[in-house]
Each structure stands twice: as C-alpha cells, then as structure tokens.
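Below you'll find the structure, written out as structure tokens, and then a few comments.
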There are 2 protein chains.
Amino acid sequence: MIRRIPQARDRGIPDATVARLPLYLRALNGMAERGTATVSSEDLALAAGVNSAKLRKDLSHLGSYGTRGVGYDVQYLIYQISRELGLTQDWAVAIVGVGNLGRALANYGGFASRGFRIAGLLDADPHVVGDRIAGLVVEHADELESVIKKRGVSIVVIATPATSAQQVCDRVIAAGVTSILNFAPVVLAVPDGVDVRKVDLSIELQILAFHEQRKANGGPIMAEEWPDGVVM
Amino acid sequence: MIRRIPQARDRGIPDATVARLPLYLRALNGMAERGTATVSSEDLALAAGVNSAKLRKDLSHLGSYGTRGVGYDVQYLIYQISRELGLTQDWAVAIVGVGNLGRALANYGGFASRGFRIAGLLDADPHVVGDRIAGLVVEHADELESVIKKRGVSIVVIATPATSAQQVCDRVIAAGVTSILNFAPVVLAVPDGVDVRKVDLSIELQILAFHEQRKANGGPIMAEEWPDGVVM
DNA sequence: GTGCCTTTGTGAAGCAATGCACAAAGTCGA
DNA sequence: TCGACTTTGTGCATTGCTTCACAAAGGCAC
Ligand SMILES: NC(=O)c1ccc[n+]([C@@H]2O[C@H](COP(=O)([O-])OP(=O)(O)OC[C@H]3O[C@@H](n4cnc5c(N)ncnc54)[C@H](O)[C@@H]3O)[C@@H](O)[C@H]2O)c1
Ligand SMILES: NC(=O)c1ccc[n+]([C@@H]2O[C@H](COP(=O)([O-])OP(=O)(O)OC[C@H]3O[C@@H](n4cnc5c(N)ncnc54)[C@H](O)[C@@H]3O)[C@@H](O)[C@H]2O)c1
C-alpha cells in the first residue's frame, strides 16, 4: 500500500482549498487598502466568511507563512496566495459570444484588476462584428483560431447560446486552449487535460427556490402524485 | 444514540444532490423535446455529465420513481424533480442594480422559462430609473421595500457594486426576503434562516488560472521567496 | 533571561459524498 | 408461464473535507 508522505509544501492542494484562496485574497486586499499590516487567522476567517481552523489548514497547504502569537503579514500573504493562484503573471482571455452577457463581461473592470486581460471579443453575428466595446473591436468568430494563437489566449469564456457552445468549445480546444469558463446551459464534452468551469445562474435560482419552498411549506406539495391525483 | 431510520422519501436531501437536480432537469427537458419517453440512469447520467450510480442515488432521495429493467419515465421524472425543487409554482424575482450585469440578467429569457418571473428592477441612479428593459420600467431603489411587498418578491438578485451590496442585503432581509443571489464580490453577513448564494466570476477565472499554471509549469514560480529573492 | 500570553499548525475524530458491486425487481420474448 | 436479460435501488468501503482541540512556537513585558 502506497501512502503519501505529507511534506512541508505538498504540491497537491485540495480543490476545496483552491476555491477559497480567491476569497482570502479579496479579504486581504481590502485589509491592505485599509493599511492593516498583520492579521490573525480568526479575523481573516471572519472577513472571508469561513471558520478559522479551515483557514489555517488551507494556508498550511501553501507553506508555513504565519507567525505564532502574531498572525499573518498581510502583504506577504497576498503575494504568496497570488503566486499560488498564478496571478503574478497576466492571462489573456477571449470572450466568445458578445450578446447581453458577453457585453456585460467585457465592460466589467473587475477582471483586469486581477490580471485577466480581455484580449479578444468574438461573435458570429455580422451586426455585432465591428462594434467597439470597452476599447476592443468585436471580431468575427471565424477569426477564433487566429486570435487565440496571435494573442496568446489561454482562457476562453463561452457566452454564446447553448446550441453553439459545444462547437465553439471544440474549436478552442483544437486551437490549444485548455481552460474554459462556460455560461451556456449545456454540459460540454472535453478531452482529459481540459478544465471547464461552468456558471449557471438558473441553477442557482433553482437551488434558492428549493430552500425557499422548504421554509414556506416544510417540503414540496403533493408528495407522490401527479397534479390530477393519479399515482402512476 | 439517535439513529435516523431512512424512509422511502427522506425529507433531508443532501446539498450535493439538490445542486445536481437542476442539471438532471435540464437534460430531461432536452430529451422530452426530442420525444424520448423513457431513459436509463446510464443515459441520463451521460447527458448530465455525472456517474450513473450517483444519479441513481440522487433520485432515490426523492422516491422510487424508476422501473427496473426499463429506466425512468421522462415526463414523470421531470414533474417529480420540478416539484421537489419548487418549480411547479412561479417565483417573483427582483433585480437590484441595473448596470451592465443587471441589464443582461433582465434581458435573459432563460429565467422565465423556469418559472422565475422578473417582477421588479431597481436602481439608485436617477439616470437609470425610468428606463424600460425587457418590458419593465426601472424603479428607484427607495421603492425596494414596497416593490417586494406589493409584488410578493421572494428572491432578490443583488447586482450593485460591492460597496452597496451589504446595505441592499440588510434592507431586503428587513422586508422579509430570505433568498438572495449575490453577484457583488463581498461576503454578505446575514442572520440565520436567510440563504445567500453567490456567483463570482472572478473567482472562477482565478481557479482556472491556478490549474492553467500547473499545467504549464508544474507549479508556481519561485516557491518560498519574494520576487527580489529575499526570504522574509 | 524568564515566564506569560497569544496564535499558529496539525493530529485525530467526525461527517458527507462518492463509487463499487450486486441482489432484487421488473420486462419481454418464446 | 417461464427464464433470460436489463436496470434499479442500496449496503458498504473509500475518499475527501471539516471541525475540534491542543502542543509547540514565538513575541513581549519585566
Ligand atoms: N444573459 C444572462 O443573464 C444569462 C444568464 C444565464 C445564462 N446565460 C447564458 O449565456 C449565454 C449567452 O446569453 P446572452 O443573454 O448573452 O445571449 P445573447 O443571445 O444575447 O448572445 C449570444 C451571442 O452569441 C453569438 N453567437 C451565436 N453563435 C455563435 C458562435 N458560434 N460563435 C460566436 N458567437 C456566437 C450571437 O451572435 C449573440 O451575439 C446563453 O447560453 C445563455 O443561456 C445568460
Ligand atoms: N459585469 C460583470 O460581468 C460582472 C462580473 C463579475 C462581477 N460583477 C459584479 O456585479 C456587480 C454589478 O456589476 P456591473 O458591471 O453591472 O456594475 P455597474 O456599475 O454597471 O452597475 C451597478 C448598478 O448598481 C446601481 N446601484 C448602486 N448602488 C445601488 C443601490 N444602493 N441600490 C440600487 N442600485 C444601486 C448603480 O446605479 C448601477 O446602475 C458588481 O458588484 C460587480 O463587481 C459584475
């Protein structure tokens, strides 16, 4: 039986931890702006909305960056988390599908400030191609492969209708992209080695509705039957 | 020691299961449109992008709705999942903050089709108030409480800048709302009994960047040190 | 120095979710 | 009616994540 010997800086950081690091980073940036020099796990955990033991365990996966009796140096921790997440370099992102959502994303300033530079906007609709949005001109979807290669795009955001998403996905993967953020409500099929993250707003609302219903009724109405009262 | 006796329709559905039900529902709706009458756990799992044992276990939390040797009746399963999620009723949703993102959400047709009716759009900016978007007129944020009460809003979407989000959140909770979908990059403090779900696009990109960096380098650059090479 | 106080880092226990593997249930053709 | 075949529903082992609780580390006052 093979047992992994845990090391000081174990390379395998749990997914759950990776997903929280950006949260810590955001809280730390706020503190840095307010001039805070050091912070305890307790306070940082509070600001990030997690439990302090979890925070300490998460940070311990990156290394031993705290000082007992004192806490963590805010600037140093910002740097370490940023480095771990790969935010010390900047990333070229292309947005495919410049409709309602694609436009909102393109106009959003919060990406650039985190090192995500929008390097291309692409759409299949000739009425949209040529529009200038947030300083960029929308290019035709036919240019997808060439834009990806010329501008070193490594992350693609898919904001097309569901029907085109898989096709766009296949093309960007063929062009060498291995990180995709998908807003279309479809399950994308991708080969191993490609990471897809999805954001589905309608799923979030459905989860809220589930809990809301429980709060109101203590559960769904009409347990086992069809609306007309006939059990199948 | 108290041990819960598992029942045919155990009322405590695991969170992980609830989060996947909308996925199954979407896959089932696709099948229904294509005229499929029954589906096996294997096929449905494939369409939803999960493992079939997981799918069966998830569905078993709702009840025993399959037929051995055959599979699940598509229409019946759609109804059962919808009922469980609370989608057999419709929900009035208000969007607070009608900027880039709020507009995209308001214009999106995918909510109404799932029983989420946009019942109000609110903004604090007088230049935005009065705009007509997707058939609704934007109202002033001062009307928040009255809109919630008059239109029976039970889910609020917060799409304001981060600085206003907590304040909006406090107000909607005071007005009786207990389900919130938050797009602002802040941790909202809420009392017990209030559900908040958050969508943070920039976190998703950061997670992608983390994995992308690993694929490229096998890990972050300059393990323990500051950029200038001095260990703290 | 020395000792007190604070806070980290981490074993270990507890809990939740996953995935395997198969008996039981039901279908369908002969 | 029966037997072969398919597919569900679930017990169980496993994995992964969370939380507790505390020894060890380090700062700081005197
Ligand atoms: N708008 C929202 O709030 C929202 C919410 C949840 C999910 N979504 C999903 O996000 C996606 C985009 O939504 P939207 O509201 O922006 O839709 P939209 O119809 O406004 O925009 C889609 C854009 O994609 C373009 N397009 C179509 N096929 C293309 C292709 N092959 N290559 C490049 N571009 C192509 C279209 O020309 C259009 O401009 C949809 O899949 C939608 O379901 C949107
Ligand atoms: N646009 C995106 O793609 C995107 C991506 C990720 C996160 N976000 C987040 O979503 C939120 C909205 O983003 P946006 O791009 O639409 O911003 P925006 O500035 O375009 O829109 C914000 C709107 O909220 C309104 N507002 C401000 N204070 C208010 C209050 N107290 N009550 C009601 N309305 C108020 C403003 O008048 C404005 O119209 C922000 O928190 C942003 O960080 C946006």
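Residue numbering restarts at 1 for every chain, and letters A, B, ... go by the order of the sequence lines.
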Exercise for the section: With heavy atoms under 4.0 Å as the rule, sort Ala16(A) into base, sugar-phosphate or nothing. Expected result: sugar-phosphate
Completion exercise
His61(A) NE2 to dT8(C) P, in whole Å, measures 17 Å
Exercise for the section: May I ask you to verify if any side-chain N or O of Arg56(A) is less than 4.0 angstrom from the OP1 or OP2 atom of dG11(C)? Expected result: no
Handout entry: Whole-Å gap separating C1' (dG27(D)) and CG (Asp73(A))
Key = 15 Å
Practice task
Look at the side-chain N and O atoms of Tyr72(A) and state whether any lies under 4.0 Å from the OP1 or OP2 oxygen of dT6(C).
Solution key: no
Exercise for the section: Output yes when at least one side-chain N/O atom of Ser40(B) is less than 4.0 Å from OP1 or OP2 of dT7(D), else no. Expected result: no
Exercise for the section: Please state whether the phosphate of dT7(C), meaning OP1 or OP2, lies under 4.0 angstrom from any side-chain nitrogen or oxygen of Ser41(A). Expected result: no
Practice task
Find the distance between OG (Ser41(B)) and CG (Leu46(B)) and round it off to the nearest 0.5 Å.
Solution key: 11.0 Å
Problem - Short N-O contact, Arg56(B) and Glu42(B), less than 4.0 angstrom - result: no
Exercise for the section: Look up atom CG in Leu85(A) and atom NE2 in His211(B), then write down how far apart they are to the nearest 0.5 Å. Expected result: 10.0 Å
Exercise for the section: Using only heavy-atom distances, determine whether the side chains of Ser154(A) and Glu212(B) contain a donor-acceptor pair under 3.5 Å. Expected result: no
Problem - Whole-Å gap separating P (dA17(C)) and CG (Asp15(A)) - result: 16 Å
Completion exercise
Between CG of Leu55(B) and P of dT7(D) the distance, given in whole Å, is 14 Å
Handout entry: Length of the line joining Lys54(B):NZ and dT14(D):P, which is rounded to integer Å
Key = 19 Å
Exercise for the section: Using atom CZ of Arg20(A) as one end and atom C1' of dG16(D) as the other, report the distance to the nearest whole Å. Expected result: 12 Å
Problem - Whole-Å gap separating P (dT10(D)) and CG (Leu59(B)) - result: 11 Å
Exercise for the section: Provide, to the nearest angstrom, the distance between the CG atom belonging to Asp58(A) and the P atom belonging to dT19(D). Expected result: 11 Å
Exercise for the section: Please confirm whether any donor atom in the side chain of Arg68(B) sits under 3.5 Å from an acceptor in the base of dT7(D), or the reverse. Expected result: no
Problem - Distance flag, aromatic centroids of Tyr76(B) and Tyr79(B), threshold under 6.0 Å - result: no
Handout entry: Whichever of Gly69(A) and Ala53(A) has its nearest DNA chain D nucleotide further upstream toward 5'
Key = Ala53(A)
Handout entry: side-chain N/O Asn51(B) vs dA17(C) OP1/OP2, d < 4.0 Å
Key = no
Practice task
With the side chain of Lys57(B) defined as its heavy atoms from C-beta on, choose the nearest nucleotide among dG19(C), dG9(C), dT18(C).
Solution key: dG19(C)
